[in-house]
Each structure stands twice: as structure tokens, then as C-alpha cells.
Amino acid sequence: MPFQIRLSQLMNVFNISNKTLASACNVDPSLVSRWRNGQRVPSLKSNQVQAIAQYFLNINPTIEQKQFLQEILSIQKLQTPKITDSYELLVQWLYQKPETYDIQAPFSTHAPYTSKPINKTVIVNEEVETEKALLRPRFPLSNQTKRTYHVFKENPGKRKAALLFLQKALSLNEPTEIFIYSDEIVQWWLEDQLFQVQWTSYLKLIVMKNHRIHIIHDVNRPQDEFATYLNIWIPLHLIGSISSYYLPQYVNKPLKETHMIIKNEFALVSNSTFLTPKENICFIYEDAETVEMYESLFLGRLVSCKPLIEVFKAQDQFRLIEMLIDSVSSGFPATALHANLNTFFLPDIVFENYCKGWPKIKQMQYLRLIKEWKKAQYLAFSRVSYTDVFPFEVLMEISSTKKYRHYDPVLFQETTIDLDKELIKLTLKNMIYALQRYEYLDTYFIMKSSLKKGINLNLELREHHSLVFTTNYSLVSPYIGLYCHEGNMLNSFSHYLDSVITQIPSNLKNKKEAFRQLERVLKQLDQ
């Protein structure tokens, strides 16, 4: 994509005129016009590209503009992983060299031009031909082409159809493939809590029966709605075979669709613009031809999709740790929400004991990765903000029982780590040391009751970069973590974490209070 198109995209999304940008970059408006027409391309030496990038980063954006900018930075980060600064990423995106295309040669002005005559049927007498047409045999509908379908009206009907779809999948004896896509407004799904419980329960059973689900997510949803919607799907990735995708084009289509297909068996279909109540109906088809057609439509849409969530199995542990190191090294602010103490503060001896029975080469590789991860994290603490959020009850349980059981599938897979009193004290001292030394590090305490109401997973979000999910309880599963870098998903969970932190009482997100509580537990452990 050439410079003029990238610049025009930015200016159109941010509603910036040539005159406004020219004033910000201290150039003539006619030069901006030539940039946009492709007549001129600024060089990096002139600092004009840098001025353009700085201007757009300093604008106070709307939600849509922020999403667009985040997507640009995320995509550019994948192409230039060594660059972490937002300003440098935007400069690189703007100045990226256009791809080379084959250019068709123009028509020669000297070559003789010949055109073939268009075949036409000459109608001599139009009235006679019309009478003949009316006398031709007709083809009435027959039972050979007749098909049946089921109609479900309004939101209660749509919920009933969805449950019938899931029940049909559960009734199958052999595992099969299921295809799901919907960009319709999900009010029909959100307004009934009992239905949400039923939906989630059925989906979990379907996944546990080894059915393979392919789902295309509509990431262009309101932030709260998207986070609630993903709260159902994300945990399911950790217990079964689910492939999530998204369409990278962020266009708000007027015609919305829902397609839910069980391969060769069943299709639930709904289309709407939600302009009139008459549209609020859905259909279930059971005839093979219709089911196959919607399956083909889904696969055709899938061609333009990208993976939304990358799933890591136990054998991918080292690769996931390497991605964590890359995420930490990105230089973006981070927020971590988890049900236990932060694994980062555990003493080195815990990691050494965990891998003690491994082959020597694998053991050395694991400990080398842990060392790199900790080094990168301490370096990040001194540069960007890191907010660590975990339940206050964890400290209360430690102080009362003087025991602690830690679970982190990324670093320890399915092994539950039991810490004795001395190891707990070392962990708390590491936390106190880091809080004292690094001004950008904060520890917030949340109540477990609040944690259960939200996303029932541990998550660590790096702004504009990545999002990592793990389970916060022991779960027998081949999957240890999920990774995502799609801009809208990062933005939705950033909004979700902001809302979680806003609800925390001020005394539980105070650095001095964090010191006091950690030191209090240390004293009780010494008694």
C-alpha cells in the first residue's frame, strides 16, 4: 500500500483536512495535496513523515479512531518486532515501501482497432413473439424440489432455535465439525441469564464430546458486549478443539447475519437489519442441499479471515514462554489480573525444583528462559507501568494457614506448586523489594467475589501488543494458554480491566497500603 493511500486513510478516519495537517507539519497545503495525489513522497531525512506520525499520536481520538490506530500499530509490530515505540511504529507504517505490482501495457495508439459485432436476434413482430412466449409450457413446483424448514420468531424463538441446534450436536454419536458466524446484535442472547447458563453448559458438553468448532468472531462490537461474549468462548478453548477467527475488515455492514451449521446435518440461519420486528425471525434447515450451501458459504468467508486466538498445548510451553518474553520486551504498559500471587515473584529455587527431574538439556533451556523473562520484566518495570491485581483473600489465607498453593499452567503446566513458610516469605520479600524500587509498579487488591463476576481466567494485557489467557484453577487439559494480538480484542479487554480497577476501593489500590499488607503478612509468618 503506497504512502498516499496510508496518509489518506489516516486523514479520512481522523477527519483532518489538508490545511490542518499542513499547519501541524509546517508545510504548504499544496504539498499535502501532492502527497495525497502520489505526486510527491516525503523522505525520512526531511522529518516530514515523523511530524505526520507525531501529529496523529497527539490527537485525542474517538473510540473508532483509537481502534483504527491500535490496529495499525499491532499490524506494524508484527512486521517490525524489534520496534516497540508507538511513534516509530507509525513512522514505519507510513513510510513502508509499496509492493511491486505488474503494470499492464497501455493500448497502442497505432494498432488498428477492431471490434466484433454483437450477436443480436432480430425480432420482426414483437406481438407475435410475445404470444408464442405465453404459450410455452410452464414448469410448476413439484415435490422433487420441495423442501421444509422451521421458523422461530422474535428473541425467545431465536433462543429456542439455538438450544435445538446445540441439542442436535449433542445427539450425534460421532464427533463432527460445527461452523458458527454471527455479526447480529446479541440482545437476544444477553437478555436471558438462564439461557446463557444453558448455552454455556451445552457448549462445554459439545466440546468435551470432541466436536471441532470453527467460529468467526465479529470483533467490531461494543466493548462491553464483546468482552461478555468472549467470556463464554475463551475458557472453552482450554478444554477442547476450537478454532477462532476474525475478519480483518472493520466495516459496519447494514445487513447482519447468523449462520450456525452442523456439518451435513443442520443449519440455523438468520438475517436482519433490525429496522422492523418482521425481521426478527430465524430458520432451521435439515435438508442436505441447504446445509451444504451454508457450510460452503462459511468456508468461503473463512478464506478472508485471520486467526483470532492462538492456542498453546503443553508441548508448546517453551514457545509460549518465548512469546511472553517478547511481550514483556515490547515496551508497552501492562495490566495483570489473576487469582493467585504473580508467578514472577516466586523465588528461583521454585523453578529449579520444578524441572529437577527433566533431562539436563531441557532443564537448562527452561531455566535460561525463566532468567530471560525475569530480566526483561525487571527492565520493563523501570520504563513502563505494570499494574498487578490479585485477590486480597490470598494474603488472608497465607497469614492464617502459613501455607500457599500456586497454580500457573504456562510456567508449571499441570503441576501445583506448594510453598512452605520460608518460600512464601521469600516471595513476599521479592514483591516488597520490587514495589520499593520501581515507581511504575503497582499492586492492587481485589475481592474474590468481584473476580468471580468477571472473566473467569487469569489474563495479562500489554497495550497495543498482546493478551495472554490462562486458567486460574487446576484443569486437566492439553492446553496451557491462549495468545491474542488483534486490536479490537485488546481494546475491549483494556476497557474491561479499566472497569474492574475502577470498582476497587481506593484503599486497596494504594501503594502504601500494599506495603503495609505485605509486611503485616510477613510479621505473622515470623510469629
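Keep in mind it's a predicted model, so treat the numbers as computed, not measured.
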Considering all heavy atoms, the nearest Ala53-Val91 contact
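Looking at all heavy atoms of both residues, the closest pair is CB-CG2, 3.6 Å.
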Positive for side-chain hydrogen bond (donor to acceptor under 3.5 Å, both in side chains) with Ser241, one of Glu177, His214, Arg212
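Only one option passes, and that is Arg212.
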Given the rule in the side chain to side chain donor-acceptor pair (under 3.5 Å) test, do Ser86 and His464 qualify, once you have shown the distances and angles that lead to the verdict?
CA-CA 9 Å; Ser86 299; His464 310 303; 4.8 Å; no
Say you draw a straight line from [atom1] of [X] to [atom2] of [Y]; how long is it, rounded to the nearest 0.5 Å?
X      : Y      : atom1 : atom2 : result
Leu90  : Arg6   : CG    : CZ    : 10.5 Å
Ile309 : Glu486 : CD1   : CD    : 10.0 Å
Leu461 : Ser327 : CG    : OG    : 9.0 Å
Ser182 : Ile216 : OG    : CD1   : 11.0 Å
Asn155 : Asn280 : CG    : CG    : 4.5 Å
Ile215 : Tyr246 : CD1   : OH    : 15.5 Å

Under a 4.0 Å N-O cut-off, is there an ion pair linking Asp348 with Lys374?
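Salt bridge between Asp348 and Lys374, a charged N being under 4.0 Å from a carboxylate O: yes.
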For the pair Arg319 and Glu322, find out whether any cationic side-chain nitrogen is under 4.0 Å from an anionic carboxylate oxygen.
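No, no charged N to carboxylate O under 4.0 Å.
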Under 3.5 Å, is there a donor-acceptor pair linking the side chains of Gln517 and Glu513?
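A donor-acceptor contact under 3.5 Å links the two side chains.
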When you look at Tyr438 and Tyr386, which way does the ring pair (Phe, Tyr, Trp, His ring centres under 6.0 Å) test go after all the steps?
CA-CA 10 Å; Tyr438 301 103; Tyr386 186 99; over 10 Å; no
Can you check ring pair (Phe, Tyr, Trp, His ring centres under 6.0 Å) on Phe344 and Phe381, steps first, answer last?
CA-CA 12 Å; Phe344 174 78; Phe381 284 160; 5.5 Å; yes
Kindly say whether the aromatic ring centers of Phe469 and Phe493 come within a distance under 6.0 Å.
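Yes: the rings meet the under 6.0 Å criterion.
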Could you walk me through whether Tyr479 and Phe312 satisfy the ring pair (Phe, Tyr, Trp, His ring centres under 6.0 Å) test, starting with their C-alpha distance in whole Å, then the side-chain angles of each, then the deciding distance to 0.1 Å, before giving a yes or no?
CA-CA 6 Å; Tyr479 307 102; Phe312 288 84; over 10 Å; no
